[in-house]
Amino acid sequence: MWVFDTTLYQMYPLGMLDCPFDAPAIDDAEGLARERDLHRVCSLIEWAPYLGKLGVGAILLNPVFASDTHGYNTRDLTEIDCRLGTNKDFARVVDALHACGVRVILDAVFNHVGRNFWAFRDVRDHMWDSPYKDWFNISFDGDTHFGDGFWYEGWEGNQDLVKLNLRNPEVIDYLLNAVRMWKHDLGVDGLRLDVAYSLDRNFVKLLRGLACELGREPRFDGEPGDGFPLIGEVLHGDYNLIVNDEMLDSCTNYECYKGLYSSFNSMNMFEIAHSLHRQFGGDPWCIYRDKHLVNFADNHDVSRLASILTEKRHLVPAYGVLFGMPGIPCLYYGSEWGQLGAKGTGYLADVELRPAISAPSPDSLDSPASGWAGGEEPNELTALINRLNHVRRESRALCHGGYRNVVITNKQLLFERRVEAFGDQPAEEVLVAVNAESAPFTFGDGTLTGPFEVLLACAPHGFDNGMGNGSGEFEGRTEEDATGAAAKGFVAEGSSASGNTAEGSSPTVLALEGSLEIPPFSVLYLRRM
């Protein structure tokens with residue numbers, strides 16, 4: 001499926017487009033019309049060239065349908081939120097993204113709706129006489145703090161979010177027909193299922209059947225269909241229970257999300273190495289082999305990586321691990337240049353995580369600003385992530401290969417991604433090395449023997465790495481001048497520190513003899529030749 005070979009880019013439109021937190025009241029016709037006339041969602045068209053150049057294959061849009069406040073208290077799953085614009089506006093956005101090679105995955109909120117959802121409003125108005133009373137889990141023998149005159153089930157006890165009865169055939173038809181409309185009228189390419197762990201499993205199976213049907217339809221560019229992915233929000237537990245041939249194609253990998261930042265903050269790379277081997281290693285007991293989970297460093301619900309890391313220079317090796325590990329990497333808007341944002345408390349706890357940001361110019365990727373964290377525009381971190389995106393999508397091993405830990409210390413990690421030959425595609429082996437320490441480190445292992453092509457090499461600029469140039473670049477011997485000593489990395493003539501080879505020049509090759517020295521706070525990708 002196409003999503004396994006790409007990078008996702010998550011956006012929270014209600015925040016990034018600076019929408020008011022509260023939508024106009026249902027009966028405020030003038031207010032609803034006034035918001036729609038602002039066409040805010042059309043601003044996403046300006047993001048399309050930047051995202052295409054960044055190497056993003058699809059955006060994951062958090063709720064875009066009519067809601068009361070944050071998007072998850074839905075009013076109508078067939079109408080774009082008035083604060084964003086209209087269905088016609090949204091279809092234009094999708095067309096513009098498709099033109100830049102970027103697909104669109106929507107946040108599908110199927111477990112619950114808001115109190116102003118049209119069917120629930122009918123129940124509030126007509127009580128037991130409402131034809132929609134069985135769309136929800138209701139008891140007319142009780143009440144809630146809202147004083148509706150009946151009790152109903154809310155999501156995890158939150159009665160602002162009214163739980164849908166996903167075993168009601170009418171509810172199922174409404175939701176599946178909404179998905180058909182999203183695909184056929186809006187051009188959507190896949191779904192992210194909110195709180196997938198709470199969804200009725202039989203409903204998920206029916207949704208999978210529809211997704212398979214939609215995935216066989218022609219793509220947006222007229223090419224044969226290549227899938228309509230379903231990605232679930234799952235926090236804990238066994239992901240196999242919902243990511244399987246009958247239900248979802250993927251889910252969020254919260255286990256490795258925690259392991260990623262925690263390993264760097266505690267300087268204990270054994271944590272993430274253990275999680276990655278447990279999930280994707282070659283032993284028979286490893287639990288998610290051949291699955292493609294969605295990996296992320298931050299999202300709309302958790303603090304930004306640049307805010308949660310105690311050492312900001314760890315952004316470089318942390319993203320090196322993220323793009324090197326098995327699964328689908330997912331960026332959160334602005335985090336590619338180190339956007340800050342800490343989760344707060346209370347009703348507005350997530351506001352800082354979801355700031356208004358204007359579309360960067362695609363030209364900014366050619367001459368990024370200096371710096372690695374806390375900026376508000378593409379910088380050197382963005383240049384690294386740009387390179388990571390392109391390296392990954394051109395490597396079958398990084399997209400589909402198995403996982404093996406090679407060297408683990410508290411402050412360093414070297415792992416292997418390997419895929420066997422398939423048809424006319426050769427076998428491929430990529431090594432990912434990261435150093436979280438403030439000093440150079442030498443890896444020693446028999447795997448580090450022979451010629452390797454340098455796919456990517458990066459350390460934070462402006463930090464004296466003790467290797468002679470103070471720029472954070474790699475230095476060392478190439479195959480042509482190796483004399484038997486350990487290679488130390490590289491800086492090729494005409495190349496940048498992120499490993500981009502100048503147009504027309506040959507790739508940098510390292511001849512290794514069992515060891516590899518890399519600078520502080522660095523990441524290195526090597527492909528065996």
Side-chain angles (χ1 to χ4, degrees), residues 14 21-28 32 62-83 106-179 181-182 191-207 232-237 242 247 300-301 346-350:
L14 292 172
F21 185 74
D22 294 293
I26 291 286
D27 56 2
D28 181 5
L32 295 170
N62 289 124
V64 297
F65 295 104
S67 70
D68 293 333
T69 54
H70 45 60
Y72 292 95
N73 40 18
T74 313
R75 292 177 176 179
D76 191 331
L77 283 169
T78 64
E79 292 290 334
I80 294 297
D81 196 296
C82 67
R83 292 167 290 174
L106 284 192
D107 201 342
V109 188
F110 290 157
N111 180 73
H112 51 262
V113 294
R115 284 176 47 81
N116 281 312
F117 181 67
W118 58 271
F120 190 71
R121 282 174 60 87
D122 192 87
V123 176
R124 289 165 59 190
D125 291 340
H126 300 104
M127 304 285 282
W128 47 81
D129 293 325
S130 171
Y132 304 109
K133 62 182 182 298
D134 294 328
W135 281 40
F136 313 97
N137 301 312
I138 287 176
S139 170
F140 289 105
D141 294 328
D143 204 346
T144 69
H145 65 284
F146 289 106
D148 295 311
F150 58 88
W151 177 91
Y152 59 89
E153 183 180 0
W155 171 67
E156 296 188 357
N158 181 353
Q159 291 185 313
D160 288 318
L161 302 175
V162 187
K163 188 171 177 61
L164 285 167
N165 178 6
L166 294 179
R167 297 189 176 185
N168 184 318
E170 293 181 356
V171 173
I172 294 171
D173 286 345
Y174 170 77
L175 297 178
L176 297 186
N177 285 333
V179 174
M181 187 275 284
W182 300 347
L191 302 181
R192 179 258 192 197
L193 300 180
D194 181 56
V195 296
Y197 55 87
S198 294
L199 297 176
D200 179 82
R201 295 298 190 257
N202 288 327
F203 168 75
V204 176
K205 292 177 181 178
L206 292 172
L207 182 61
E233 180 193 19
V234 181
L235 306 182
H236 309 295
I242 197 167
M247 291 188 275
H300 67 304
D301 287 326
Y347 189 57
L348 301 177
D350 299 324

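Atoms considered below: every heavy atom in the structure, side chains included; atoms not considered: hydrogens, waters and symmetry mates. Numbering of residues begins at 1 and proceeds along the displayed sequence.
Aromatic ring orientation, Tyr132 versus Trp135: perpendicular (interplanar angle above 60°, classes split at 30° and 60°). Ring pair Trp182/Phe110 is parallel by interplanar angle, where below 30° counts as parallel and above 60° as perpendicular.
Not a single donor-acceptor pair under 3.5 Å links the side chain of Glu233 to the backbone N or O of Asp194. A donor-acceptor pair under 3.5 Å links the side-chain atoms of Tyr174 to the main chain of Leu77, judged by distance alone. Side-chain atoms of Arg115 do not come within 3.5 Å of backbone N or O of Asn73 as any donor-acceptor pair. Listed for the Asn116 side chain is no donor-acceptor partner under 3.5 Å among the backbone atoms of Arg75. Between the side chain of Gln159 and the backbone N or O of Tyr152, at least one donor-acceptor pair lies under 3.5 Å. No donor-acceptor distance shorter than 3.5 angstrom exists from the side chain of Asp148 to the backbone of Asp143, with no hydrogens or angles considered.
One side chain, Arg83 or Ser67, offers a donor N or O that lies under 3.5 Å from an acceptor on the other. Under 3.5 Å, the side chains of Asp134 and Asn168 contain no donor-acceptor pair of N or O atoms.
Contact between Met127 and Phe140 at its shortest, heavy atoms only, is C-CZ, 3.7 Å. The two atoms that bring Leu32 and Ile26 nearest to each other are CD1-O, 3.5 Å, heavy atoms only. Among all heavy-atom pairs drawn from Asn158 and Asp160, the shortest one is OD1-N, 3.0 Å. Taking all atoms of both residues into account, the shortest heavy-atom contact from Pro63 to Gly71 is CB-O, 3.2 Å.
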Exercise for review: List the steps and the verdict of side-chain contact (heavy atoms from CB on, under 4.5 Å) for Val123 and Phe136.
Suggested key: CA-CA 9 Å; Val123 176; Phe136 313 97; 4.1 Å; yes
Point to revise | Audit row: Asp301, Asp350, side-chain contact (heavy atoms from CB on, under 4.5 Å) steps and yes/no | key: CA-CA 7 Å; Asp301 287 326; Asp350 299 324; 4.3 Å; yes
Exercise for review: Show your reasoning for whether side-chain contact (heavy atoms from CB on, under 4.5 Å) applies to His112 and Val195.
Suggested key: CA-CA 9 Å; His112 51 262; Val195 296; 3.9 Å; yes
**Study point:** Residue pair Ile80, Phe65: steps toward the side-chain contact (heavy atoms from CB on, under 4.5 Å) verdict
**Key:** CA-CA 4 Å; Ile80 294 297; Phe65 295 104; 4.0 Å; yes
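A distance of 11.0 Å separates CG of Leu106 from CG of Leu193, quoted to the nearest 0.5 Å. We find the CG-CZ distance between Asp200 and Arg167 to be 4.5 Å, quoted to the nearest 0.5 Å. One finds the CG atom of Leu207 at 8.5 Å from the CG atom of Leu199 (value rounded to the nearest 0.5 Å).
Checked against a 6.0 Å centroid threshold, the rings of Phe150 and Trp128 do not count as neighbours.
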